[in-house]
Amino acid sequence: MKYMGVNEVREAFLKFFEGKDHLRLPSASLIPHNDNSLLLINSGMAPLKPFFTGQETPPRKRVTTCQKCIRTGDIENVGKTARHGTFFEMLGDFSFGDYFKNEIIPWSWEFVTKVMELPEDKLYVTVYQDDDEAAKIWHEKVGVPKDRIFYMGKEDNFWEHGTGPCGPCSEIYYDRGEEYGCGKPDCTVGCDCDRYMEFWNLVFTQFNAEPDGTYTELEQKNIDTGMGLERMATILQGVDSIFDVDTIKAIRDAVCGIAGVKYGEDHKTDVSIRVITDHIRSVTFMTSDGILPSNEGRGYVLRRLLRRAARHGKLLGIKDLFLAKLSEVVIENSKDAYPQLEEKKDYIFKLLTVEETGFYKTIDKGMEILKADIEEMKAKGEKVMSGEKSFRLYDTYGFPTDLTLEILEEEGLSLDEDAFHAEMQLQKERARNARGTSTYMGADETIYHRLPVDMETAFAGYDVYENDSEIIAIIANDEVSDIAFEGNDVSVFLKETPFYAESGGQIGDNGIISTDKGKIEITDCIKVVGGKIAHIGKVIEGVVEVGDKAHAAIDVPRRMSISRNHSATHLLQKALRTVLGTHVEQAGSYVSADRLRFDFTHFAAMTPEEIEQVENMVNEKILEGLDVNISQCSMDEARQKGAMALFGEKYGDVVRVVDMGGYSIELCGGAHLKNTAQAGSFKIISENGVAAGVRRIEALTGVGALEFYKKEEDEIKEICKILKAKPDQLLTRLENLVKEEKSAKKELEAYKAKAAAGAVDALCENALDVNGVKIVASNAGDVDGDSLKTMGDKIKDKLGCGVVILASAGNGKVSFVVMATDDAVKKGANAGKIVKVAAECAGGGGGGKPNMARAGGKDASKIDEALKAAEAEAKAQLG
Ligand SMILES: [Zn+2]
Ligand SMILES: [Zn+2]
């Protein structure tokens, strides 16, 4: 046995199977493609499912991959032991109806003993109890002694997932030695302890599980194997756990370096180190695949892992932001096998930093709420926090439950954990329901699955807008049919088509398909299972039949508008990266005939200057008239040209490169202009945020932009009409108007003040005199309470010794203010009593002090009556 690094083991495996005529495919994105049953890719075979079921044709019948995987089922245990992790790489070789047990069993032995050089006396194998065929191959063909072959039950050695393809497995075990054992006399392969370690699972998919519980033999038998890369490395490196293998240890050491702690000295510290080491791998890879933190789905998984890592950083005493720094170590160690990590580096660092910063703010906010909750519990004498409260902290504020628990304990309180888990369960069910039902394929069973698997449509629409073709399948009113009649809603399939099917953000073409006997209006075009192109529309004339010669023609002006918007989207992306930075990545796009929408990662709103800069840059490139060159080449060649790779791209052998004069080079399958000048012009109409760290730009080109400017022009004309000015006089005219309005307002205010003062004078002159105390009672009209009081003060000052009774009515509400000067109070006046009389009269109530009182009423029609009653009360008080 020789020492091998993780990167060397990966390469050795892939090379070995390339030597057995396998096609090496790069790891697929962690985001499942067309598969709703999975949140994240969790095994080597998961992205290859369509090849196994025959829904899609594999590029070769033998394939080998190293697949990045994430499993978060036992996330709570990650860290607590050295066995669990969320991120791992799975090595696998796959046969789609090609070789079977006779080949894979000897090959796997050859790889393990000759390439990995594992000693044979340390190896054991298991087979399914009824699989004598496999046992025979192991013994007779490979030479494994019978006492080293273990028969296992269905639970351990049979792979099954509901109905559908399934079959027995065979596993290879490595004996790590007695020191890892439990010491029990019956300790052997299959024991729960760490001595016998399973590292390679060979699945022989040979049956189909029927709904009635029986198994039928599959016509096309498949092989699907999975070897944990990190697990293999622990064996070769003679170390205890995955946290000790070279590439992962490098991360672990970095964690220790940043935190200033040592691994292996204290259990609690080790837990935190392992959590961070594992989670930063998941987080880095997820981010590189374009997953954004959010509160649901895989975005939630990402956020949770990231926050858990940050939280354990705090537990280790790390003061500064550290996740981006650590992510750099992950990238350094894995970039050769995953070049995307290096390409998206700036973006990954920026995103981690923003999210980590946000988390610490969350912690502060959560602490505040938790403290308030604790105060409330103490005040009520409660000892146990409710599940609802703790779950709200966790779910709404992202506050870690272990932290809640810790703080509660410090305060001598506890948590109703059962209730908390019940809430959690509810949440999980909600999430599951939102994800939809799971079938073997994951994808929804639609009518399109009933079409022949090998049926294909050639797309000719990059260069031609109409062609002669043939109808090869029809779905009419949701049934596969040979014929469709006028009025039928149909999906039609052609041998060859100029119609672009919606993909890559570009909407499908519209147009007409006509035959000798009928005509179909196509209003949408989409790709369905197996990449078939469905022309969706309605038969508007006659009859159409499978086998008919057909003429297919797209709506060309519409396509031109779409192409303008699509080509402009590429220019826009490049301009954004130039102006804002290389952390800008496409997060989504939608290209239609009337506008384009582009979502991208950026962590602040764009300033008006930035928007203008980007818009100008795109327009410059349009005016330069750059040739749009489209070519096909390998992924590697495309990279060398500097092509921008998107997230979660399916790396096929050949990619399509769209090159706009060397300015923008992108991988893209969409429809484009021949020259950027055809876009005409480019106008951004909005920029706003759509999610944390994601901005959206909407923009127009060509006809759309012209219409936009025309509309603006029309509005200006309208304004000119209203202002009776010519366009070039508009600004001066407006400025003058604003000035005029200002001075008019000022004048009006002055008049109002004068009028109010005059009214005060008049009231005072006509005041009633009762034993030397002057009484004023007046309705001030529609003014608010504060103005009423100001007016009262003015009258009071003028009166000398007196009582002021004022009323107002606005919005159906009546207000009263009564004031009495100090000498009037001495003579018997009581504002509180007077206001009470007035308010009661108007259906309200209130009161106050002898010198100042306010009250409200409901009935405005009683104001005069109320004032009279109040005046009478004042007279009586002073009489
Ligand atoms: Zn044991
Ligand atoms: Zn594109």
Side-chain angles (χ1 to χ4, degrees), residues 81 83 122 124 126 150 152 156 171 173-198 240 290 459 461-462 500-509 527 559-577 584-593 595-600 618 621-622 626-633 635 638 641-652 654-676 678-679 682 697 699 701:
T81 75
R83 284 171 128 185
K122 294 271 189 191
Y124 294 83
T126 64
F150 288 74
M152 297 290 212
D156 295 300
E171 293 177 321
Y173 280 74
Y174 181 78
D175 176 6
R176 306 171 79 195
E178 260 171 60
E179 65 269 32
Y180 287 95
C182 55
K184 288 178 192 151
D186 59 347
C187 181
T188 184
V189 171
C191 180
D192 275 343
C193 70
D194 288 340
R195 177 167 175 177
Y196 298 94
M197 184 159 87
E198 180 265 317
D240 285 348
F459 175 63
Y462 287 133
Y500 183 86
E502 173 163 355
S503 60
Q506 180 182 326
I507 59 164
D509 280 325
K527 261 185 202 161
R559 163 71 86 79
M560 279 307 292
S561 292
I562 295 169
S563 299
R564 279 189 196 99
N565 284 333
H566 198 149
S567 292
T569 304
H570 286 211
L571 295 176
L572 170 63
Q573 178 169 7
K574 177 69 184 192
L576 284 169
R577 283 172 76 96
V584 167
E585 293 282 354
Q586 173 169 341
S589 86
Y590 180 72
V591 177
S592 71
R595 68 179 55 201
L596 67 92
R597 196 172 74 202
F598 187 70
D599 294 350
F600 58 101
V618 173
K621 294 299 158 188
I622 290 172
L626 305 175
D627 276 333
V628 180
N629 289 307
I630 296 176
S631 58
Q632 312 263 353
C633 65
M635 190 71 203
K641 282 187 188 172
M644 238 185 281
L646 298 178
F647 288 119
E649 213 147 55
K650 255 193 137 188
Y651 291 84
V654 177
V655 292
R656 186 167 179 265
V657 181
V658 178
D659 179 346
M660 302 187 179
Y663 172 71
S664 149
I665 306 174
E666 275 189 52
L667 303 187
C668 173
H672 285 278
L673 303 170
K674 301 255 179 283
N675 185 294
T676 57
Q678 288 174 290
F682 174 80
I697 279 182
T701 63

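Side chains included, hydrogens not; waters and symmetry mates left out as well; all remaining heavy atoms used. Remember, it's 1-based here, ligands and their atoms both numbered in the order they're listed.
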* Keeping the roles fixed (side chain from T676, backbone from K621), state whether a donor-acceptor pair exists under 3.5 Å. => yes
* To do: To 10°, measure the SG(C182)-the Zn ion (ligand 1)-SG(C187) angle for me.
  => 100°
* Residue pair H672, S567: steps toward the side chain to side chain donor-acceptor pair (under 3.5 Å) verdict -> CA-CA 6 Å; H672 285 278; S567 292; 2.9 Å; yes
* Any chance the rings of Y174 and Y196 have centres within less than 6.0 Å? -> no
* **Residue and atom names of protein N/O/S atoms that fall under 2.8 Å from the Zn ion (ligand 2)** => H566 NE2, H570 NE2, C668 SG
* To do: Evaluate the ring planes of F600 and F598, with Trp represented by its six-membered ring, and classify them as parallel (under 30°), tilted (30 to 60°) or perpendicular (over 60°).
  => parallel
* To do: Could you please compute the angle at the Zn ion (ligand 1) from SG of C193 to SG of C191, rounded to 10°?
  => 110°
* Hey, does L596 have a side-chain heavy atom less than 4.5 Å from the side chain of L572? -> yes
* Looking only at atom types and distance, does a side-chain atom of R559 sit under 3.5 Å from a main-chain N or O of A671, one as donor and one as acceptor? -> no
* Looking just at side-chain N and O atoms, do N629 and D659 make a donor-acceptor pair shorter than 3.5 Å? -> no
